[in-house]
Amino acid sequence: MPDITLTTLNKLKQSGEKFACLTAYDALFAHLESAAGVELLLIGDSLGMVLQGHDSTLPVTIEDMEYHTRAVKRGNQGALIMSDLPFMTCATLERALDASTRLMQAGAHVVKLEGAGWLAETISVLTRNGIPVCAHLGLTPQSVNVTGGYKVQGREQAQARELLADAIALAEAGAALLLLECVPSSLAAEITRSVSIPVIGIGAGPDTDGQMLVMHDMLGLSTSGRLAKFVRNFMPGQPDIPSAFSAYVKAVKAGEFPAPEHEF
Ligand code: KIV
């Protein structure tokens, strides 16, 4: 059992205290991030891009996710560990059950799946089987070939209404957490108010219960030299990487990150 549990995150939501989340892919960074007070570590399938050098998350396999989840579990100092279900593992209920079992046995406390309202049944079956689920809505990178790029979602009224309805349906189906990626701040705020479960945002403004960033981004590391609008580089002014992690946690808790320049 980690020190931070879903109960902790629910209490933080109720009290209005923000919580900090970061991606982690190995034991060393899992150790440094959790020791700095990051409450939730995500083994994201973003590892396909930042570690493996692919141009999307699609090539990431369940074996890759198991390997990195095991490594993060070994370094973790009490944070909640969440692992991504990779591309196509939710195409059928049977595949979702098999892949989620493998991630939980590798050390995850929660699995995250990308999708929308159609995943309600999968979420409720996983939950009934003791597997807590985070539903990832908004920009879902595994669908990049359908959406035609990494674009902000929910800008139009009809799409915003659909996202809100999906969030409510998935929370009712038993989702333990929601993650909203790249949606307008006003929509993220409305979704966060409308569900009783904790909502984590990345590029979703300041009003979600928790904040998430990809570790490499918040350390200012990218092969292109560019960072997305919603990212802040926490390295400048810090003597070392552990201090940058602490600065991130402090900025999230103080409501200083994200700032208006990071919002859509
Ligand atoms: O894979 C990942 O790192 C993610 C975050 C961008 C939320 O899903």
Side-chain angles (χ1 to χ4, degrees), residues 2 4-14 19 21 39-40 42-45 57 62 65 69 80-106 108-143 146-147 153-154 158-184 187-202 204 207-210 212:
I4 306 288
T5 63
L6 286 168
T7 308
T8 319
L9 301 188
N10 278 298
K11 283 189 182 149
L12 291 174
K13 177 176 178 112
Q14 278 152 25
F19 58 89
C21 317
E39 277 112 339
L40 183 149
L42 169 66
I43 301 97
D45 60 358
T57 59
I62 187 67
M65 295 306 303
T69 300
L80 193 71
I81 297 177
M82 179 157 90
S83 283
D84 264 344
L85 284 162
F87 182 59
M88 285 303 283
T89 50
C90 288
T92 66
L93 190 50
E94 201 180 336
R95 291 184 73 169
L97 278 164
D98 177 57
S100 303
T101 306
R102 291 173 68 164
L103 295 182
M104 296 298 281
Q105 289 181 338
H109 305 119
V110 181
V111 299
K112 175 163 80 63
L113 48 76
E114 293 185 17
W118 58 275
L119 283 167
E121 196 207 343
T122 303
I123 290 173
S124 88
V125 174
L126 289 172
T127 307
R128 281 207 302 275
N129 281 280
I131 301 179
V133 181
C134 173
H136 180 156
L137 295 172
L139 193 167
T140 47
Q142 291 172 11
S143 304
V146 175
T147 53
Q153 301 292 308
Q159 203 192 20
R161 272 201 303 271
E162 200 178 314
L163 270 171
L164 175 61
D166 281 345
I168 293 171
L170 296 182
E172 280 171 0
L177 299 170
L178 284 182
L179 183 136
L180 301 176
E181 179 166 357
C182 290
V183 300
L187 174 60
E190 190 178 358
I191 292 176
T192 305
R193 279 194 308 272
S194 306
V195 295
S196 59
I197 57 174
V199 178
I200 302 165
I202 173 166
D207 296 316
T208 54
D209 305 304
M212 169 75 72

Between Pro141 and Glu181, the two heavy atoms sitting closest are CD-OE1, 3.8 Å
What's the verdict on side chain to side chain contact (heavy atoms under 4.5 Å, CB included) for Asp209 and Phe19, showing C-alpha distance, side-chain angles and the deciding distance?
CA-CA 7 Å; Asp209 305 304; Phe19 58 89; 3.8 Å; yes
Tell me whether Asp98 contacts the main-chain N or O of Glu94 through its side chain, where contact means a donor paired with an acceptor under 3.5 Å.
no
Okay, side chain of Lys112, backbone of Ile43: is any donor-acceptor separation there less than 3.5 Å?
no
Measure the CG-CD1 distance between Leu42 and Ile81 for me, rounded to the nearest 0.5 Å.
11.0 Å
Within the distance-only criterion (no hydrogens, no angle test), does the side chain of Glu114 pair as donor or acceptor with the backbone N or O of Gln142 below 3.5 angstrom?
yes
Quick one: pull up CG in Leu97 and SG in Cys90 and give me the separation to the nearest 0.5 Å.
9.5 Å
So, Thr127 and Ser124: side-chain donor and acceptor under 3.5 Å apart, yes or no?
no
Would you give the length of the straight line joining atom CG of Leu137 to atom CD of Glu162, rounded to the nearest 0.5 angstrom?
10.5 Å
So Asp166 and Leu119, side chain to side chain contact (heavy atoms under 4.5 Å, CB included) or not? Walk me through it.
CA-CA 9 Å; Asp166 281 345; Leu119 283 167; over 6 Å; no
Assess the residue pair Ile191 and Val183 against the criterion (side chain to side chain contact (heavy atoms under 4.5 Å, CB included)); give the C-alpha distance rounded to whole Å, side-chain angles, the decisive distance to 0.1 Å, and a yes or no.
CA-CA 11 Å; Ile191 292 176; Val183 300; 5.8 Å; no
Looking only at heavy atoms, the pair that brings Leu187 and Ala160 closest together is CD1-O, 3.7 Å
Rounded distance (nearest 0.5 Å) linking atom NZ of Lys13 with atom CG of Leu177:
10.0 Å
Apply side chain to side chain contact (heavy atoms under 4.5 Å, CB included) to the pair Thr101 and Asn129, showing each step before the final yes or no.
CA-CA 10 Å; Thr101 306; Asn129 281 280; over 6 Å; no
Donor-acceptor contact present, side-chain Glu121 to main-chain Leu93, <3.5 Å:
no
Closest heavy-atom contact between Pro86 and Asp45?
CA-OD2, 4.4 Å
To the nearest 0.5 Å, how far apart are CG in Leu80 and CG in Leu40?
5.0 Å
Student check: side-chain heavy atoms of Thr208 and Leu179 closer than 4.5 Å
no
Considering only heavy atoms from C-beta outward, does the side chain of Asp207 approach that of Thr192 to under 4.5 Å?
no
Note: Gly44 and Asp84 closest approach over all heavy atoms is CA-OD2, 3.2 Å
Would you compute the distance between atom CD1 of Ile200 and atom CG of Leu178 and round it to the nearest 0.5 angstrom?
9.0 Å
Can you name the nearest heavy-atom pair linking Leu139 to His136, along with the distance?
O-NE2, 3.1 Å
Taking all non-hydrogen atoms of both residues, which atom of Leu164 and which atom of Glu190 are closest, and how far apart?
CD2-OE2, 3.4 Å
